[in-house]
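Reading through the structure tokens given below for one structure.
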Amino acid sequence: MKKDIILTGDRPTGPLHLGHYVGSLVKRVELQDQIKQYIMLADVQALTDNFEHPEKVRESIVEVVLDYLSVGIDPKKNTIFVQSLVPQLFELTVYYLNLVTLNRALRNPTVKTEIKQKGFGDSAPLGFVAYPISQAADITAFKATLVPVGEDQLPMIEQTNEIVRAFNRLYNTDILVEAQAVLTKTKRLPGCDGKEKMGKSLGNAIFLSDSADVVAQKVMNMYTDPGHIRVADSGKIEGNIVFTYLDAFDSRADEVAELKAHYQRGGLGDVVLKKRLIEILEALLAPIRKRREEFSADKAVLMQMLKEGSCEAEALAAQTLEQVRAAMKLDY
Ligand code: TRP
């Protein structure tokens, strides 16, 4: 049996939020003692919808690394690297572009949603439409077998495996390896406003680096049940974001179940629930915030760590590319 390899990544477009936390950060910490993980700062992917703001991506690199370290991702156990420092990924992307039709690329449900959300209309840049192909290159260059992701990334894994099968068949080889998604417990954390997904660009996120005051304020403004006006009124649980968050972060599930029943009966106010959630989030975020401060003391050390990680990542990607070139008769 071959050993599993994990490749995950994030677009550095700002600090990471609770959606990332439940979506992939917890999983990475959990897996780091068992499986080799390559963790990528996808700066080139971030540029596909931020090409006019390279400074934002540049600044976010450090923010995201700080988020990683402060949640407990250990750079000694994992290889943390920067996508743009591994040029093999872009070479591989170009080869893969031949294996995907334009129509197939445009049918990707996540890309479709993002094109709407970002207001691209009919003018989505080609680089953006093609980012799942580039993501397939990221995953396969490391021969990753497992990719811990949120639900919205499932179409990327599907696209990746289609490319793997097409490549291996066309070039009569077995060098590329199919990847499997590892879904996380909380499939998707909604935003504070009740929207389906928490996102920085959606303005509804609680960031891991938010101060205690900001977190409290965001929780107090959270969407609950608009029909629950007086404390005595009976309230709805479904779509009530405070309960969604309690389900995700409050380990005392029995108490949460009681609160739900009480809320539905009537006589339980939103403020009581929100105060409980604030306490729970603080217990989670305070130590993260503290470690973040410690790690921010020396940014040069962080960059050095990223460069070393990127060298190691490049060495592995280069091996795969050598095989890919040979399979494609490009081994002059
Ligand atoms: N698309 C991911 C996101 O938006 C980031 C990413 C890039 C990624 N390459 C990846 C995730 C490879 C998993 C595997 O956050």
Side-chain angles (χ1 to χ4, degrees), residues 3-18 20-21 23-47 50 54-90 92 134-135 137-144 146-149 182 200 207-210 284-321:
K3 276 233 300 262
D4 278 321
I5 291 183
I6 285 183
L7 183 282
T8 56
D10 294 286
R11 289 184 205 173
T13 56
L16 300 184
H17 52 62
L18 287 177
H20 295 110
Y21 185 80
S24 62
L25 296 178
V26 171
K27 200 83 196 165
R28 289 177 199 169
V29 175
E30 213 176 278
L31 293 174
Q32 67 183 351
D33 292 309
Q34 307 160 31
I35 308 178
K36 175 70 193 172
Q37 300 190 100
Y38 290 84
I39 305 176
M40 180 180 74
L41 293 144
D43 56 345
V44 176
Q45 185 178 120
L47 284 169
N50 289 280
E55 68 291 340
K56 180 166 122 188
V57 176
R58 178 62 181 260
E59 284 157 18
S60 302
I61 288 272
V62 179
E63 292 305 309
V64 174
V65 171
L66 283 170
D67 286 324
Y68 286 169
L69 299 182
S70 48
V71 299
I73 294 175
D74 184 343
K76 291 199 192 73
K77 295 178 181 163
N78 308 284
T79 303
I80 306 177
F81 71 98
V82 181
Q83 189 183 25
S84 65
L85 291 177
V86 183
Q88 288 82 358
L89 299 177
F90 313 110
L92 193 54
S134 154
Q135 192 158 325
D138 302 336
I139 294 169
T140 53
F142 297 95
K143 302 199 176 180
L146 301 174
V147 185
V149 284
V182 185
K200 180 179 189 289
F207 296 103
L208 298 174
S209 48
D210 276 344
L284 172 74
L285 294 174
I288 293 178
R289 217 178 277 129
K290 185 162 165 281
R291 281 197 296 269
R292 186 186 183 88
E293 208 169 292
E294 288 160 14
F295 286 120
S296 342
D298 197 346
K299 301 244 164 76
V301 169
L302 298 179
M303 288 317 295
Q304 187 53 34
M305 176 205 88
L306 282 179
K307 285 191 179 152
E308 282 166 21
S310 301
C311 269
E312 201 192 311
E314 182 175 8
L316 180 52
Q319 283 178 21
T320 306
L321 260 291

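Being a predicted model, the structure only gives us computed values, none of them experimental. One is the number of the first residue; the rest follow in order along the sequence.
- Scored by the salt bridge (charged side-chain N to carboxylate O under 4.0 Å, His left out) test, Glu294 finds Lys290 as partners (sequence neighbours excluded).
- With sequence neighbours excluded, no residue forms a side chain to side chain donor-acceptor pair (under 3.5 Å) with Asp298.
- Atom SG of Cys311 sits about 13.0 Å away from atom CG of Leu316, to the nearest 0.5 Å.
- Here ring-ring contact (aromatic ring centres under 6.0 Å, His included) pairs that include residues 69-90, with residues two or more places apart or in two chains, are Phe81-Phe142.
- Across all their heavy atoms, Gly14 and Val64 have their closest contact at O-CG2, 3.5 Å.
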For residues 300-309, tabulate all N or O donor-acceptor pairs below 3.5 Å that involve a side-chain atom, not counting sequence neighbours.
unit_1: Gln304; atom_1: NE2; unit_2: Glu308; atom_2: OE2; d: 3.1

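- Under the side chain to side chain contact (heavy atoms under 4.5 Å, CB included) criterion, Ala46 pairs with Arg11, Pro12, Thr13, Val57, not counting sequence neighbours.
- Using modelled atom types, no side-chain atom of Ser84 and backbone atom of Asp43 make a donor-acceptor pair closer than 3.5 Å.
- Summarising the geometry, atom CG belonging to Leu69 is positioned 5.5 Å from atom CD1 belonging to Ile80; distances are rounded to the nearest 0.5 Å.
- If you take CG on Asp10 and CD1 on Ile61, they are separated by 10.5 Å, rounding to the nearest 0.5 Å.
- The shortest side-chain heavy-atom distance between Ser70 and Glu293 does not fall under the 4.5 Å cut-off.
- Taking Phe207 as the reference, Pro15, His17, Lys200, Ala205, Ser209, Asp210, Lys218 meet the side chain to side chain contact (heavy atoms under 4.5 Å, CB included) condition, with sequence neighbours excluded.
- A search for side chain to side chain donor-acceptor pair (under 3.5 Å) contacts involving Thr8 returns Arg28, not counting sequence neighbours.
- The closest side-chain heavy-atom distance from Leu285 to Leu18 is below 4.5 Å.
- Atom CD of Gln34 sits about 10.5 Å away from atom NZ of Lys77, to the nearest 0.5 Å.
- The pair Arg292-Glu63 meets the salt-bridge criterion, since a charged nitrogen lies less than 4.0 angstrom from a carboxylate oxygen.
- Looking at residues two or more places apart in sequence or on another chain, you find a side chain to side chain contact (heavy atoms under 4.5 Å, CB included) between Leu146 and Asp4, Ile6, Ile35, Gln180, Val182.
- Nearest approach of Leu7 to Met40, heavy atoms of both residues: CD2-CB, 4.5 Å.
- For the residue pair Asn78 / Tyr68, no side-chain donor-acceptor distance below 3.5 Å is found, with atom types taken as modelled.
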Residue pair Leu89, Gln83: steps toward the side-chain contact (heavy atoms from CB on, under 4.5 Å) verdict: CA-CA 8 Å; Leu89 299 177; Gln83 189 183 25; 3.8 Å; yes

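- Atom CZ of Arg291 sits in a crowded spot, with more than 12 heavy atoms from other residues, nucleotides or ligands closer than 6.0 Å.
- Residues satisfying the salt bridge (charged side-chain N to carboxylate O under 4.0 Å, His left out) criterion with Glu312, sequence neighbours excluded, are Lys36.
- The two residues Pro54 and Leu47 come nearest to each other via the heavy atoms CA-CD2, 4.0 Å.
- Gln135 meets the side chain to side chain donor-acceptor pair (under 3.5 Å) test with Gln45, Gln153; sequence neighbours excluded.
- The side chain to side chain donor-acceptor pair (under 3.5 Å) test applied to Thr140 returns Tyr96, not counting sequence neighbours.
- Residues satisfying the side chain to side chain contact (heavy atoms under 4.5 Å, CB included) test with Val29, not counting sequence neighbours, are Gln32, Val71, Ile73.
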